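Everything numeric in this text was worked out from a predicted model, so none of it was measured.
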Amino acid sequence: MSGGTCSKEANPLGAAHYADQAAQTTARVIENVQLASGTYRIRLEAPEIAARVTPGQFLMLRLAGGSDPLLGRPLALYDTWLGPDGTPQGVDVVYLVVGRMTGRLAQVKAGDAIETWGPLGNGFSNEPVDHLIMVAGGIGQTPFLALGREALGGRHYGDPSRQPLRAGRATLCYGVRAADLLAGVDDFRGAGIDVRVSSDDGSVGRQGLVTATLGELLDDAAAKGETSIRIACCGPERMMEAVAHLAIERGVACELSLETPMACGIGICFSCVVKVRQPDGEWDYKRTCVEGPIFAAEKIEW
């Protein structure tokens, strides 16, 4: 299938990000490595998808050559990887083993094939800011490496390439239950992103909730005179709700990457709906896969 984004007018149900023109490929696995307890990064050779994907979009992955499990699984872009000539050759995806699909995915070896389609969804906005703050809980750090790289001008994404976000600085507030679940921190620090870690049990970073770290960081940003701040958040629903309320109270723009379970990923099954506030003050159900997964925090009805 060819690249591009379908317009709202081209789709009878009005969603802006249908999968009509997503690329579908059988991607070769380059490597599948463990990053933390139960957490893996799989690298796929998929140049067409890699050339077009932008931070915050996701892919659907399905094991090739079988029907168990039958449905694919949505996984966020972690990053693209480049060939010797600097062009995107494939995608990296980070996943947590939680069920049959991800359990079998962890057994995949280099040279195996994965059915892959994408990019899907809308992705994060990329207006310039003084400070980009990314807030992650659990496995929620996965959409943020590419976003942070783009923010600091280290990588371009999309075809045609969209302009980098160009943040003055980028910080990742990353909360986990315990130290053995911390995944990919060196990747973020290597990209020039400041990482603030917290854990429930105090085994790594500061003990406590990631929202406490965020509050302190917002205080610090205000003291430094950073007037343009955007928060990007992904993780457990209760954490995202708390971050959304904090952002609204502080008057800070905030985007949420929802992890709503979905079956098809292309807007057909309506299994991933979320309540979204409309301009008239009422709410309506929107599909995370084709009208998200990125939503403005103030529009979500919790």
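- Cation-pi geometry between Arg41 and Tyr78 is not satisfied (NZ or CZ under 6.0 Å from the ring centre, within 45° of the ring normal).
- Within the 3.5 Å criterion, the main-chain N or O of Val204 finds a donor-acceptor partner in the side chain of Ser199.
- A 4.5 Å side-chain heavy-atom check between Phe58 and Cys289 finds at least one atom pair inside the cut-off.
- With sequence neighbours excluded, no residue forms a side-chain contact (heavy atoms from CB on, under 4.5 Å) with Ala222.
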Donor-acceptor pairs under 3.5 Å, side chain of residues 103-114 to any protein atom, not counting sequence neighbours: which ones?
residue: Arg104; atom: NH1; partner: Asp68; partner atom: O; Å: 2.0
residue: Asp112; atom: OD2; partner: Lys109; partner atom: N; Å: 2.9

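- Between Asp130 and Thr227 there is a side-chain heavy-atom pair separated by less than 4.5 Å.
- In this view, Ala27 and Thr25, Leu44, Ala46, Thr116 satisfy the side-chain contact (heavy atoms from CB on, under 4.5 Å) rule, not counting sequence neighbours.
- At a threshold of 4.5 Å between non-hydrogen side-chain atoms, the residues Arg177 and Asp201 do not count as touching.
- Nearest heavy atom pair, residue His156 against residue Arg162, reads ND1-O, 4.0 Å.
- Every side-chain contact (heavy atoms from CB on, under 4.5 Å) that Asp180 has, sequence neighbours left out, goes to Ser37, Ala178.
- Taking the salt bridge (charged side-chain N to carboxylate O under 4.0 Å, His left out) definition, one finds that Glu237 meets it with nothing, sequence neighbours left out.
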Can you list, pair by pair, the side-chain donor-acceptor contacts under 3.5 Å of residues 292-302, counting residues two or more places apart and other chains?
residue: Glu301; atom: OE2; partner: Arg277; partner atom: NE; Å: 3.1
residue: Glu301; atom: OE2; partner: Arg277; partner atom: NH2; Å: 3.0

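- The two residues Ala232 and Phe124 make their nearest non-hydrogen contact at CB-CE2, 3.8 Å.
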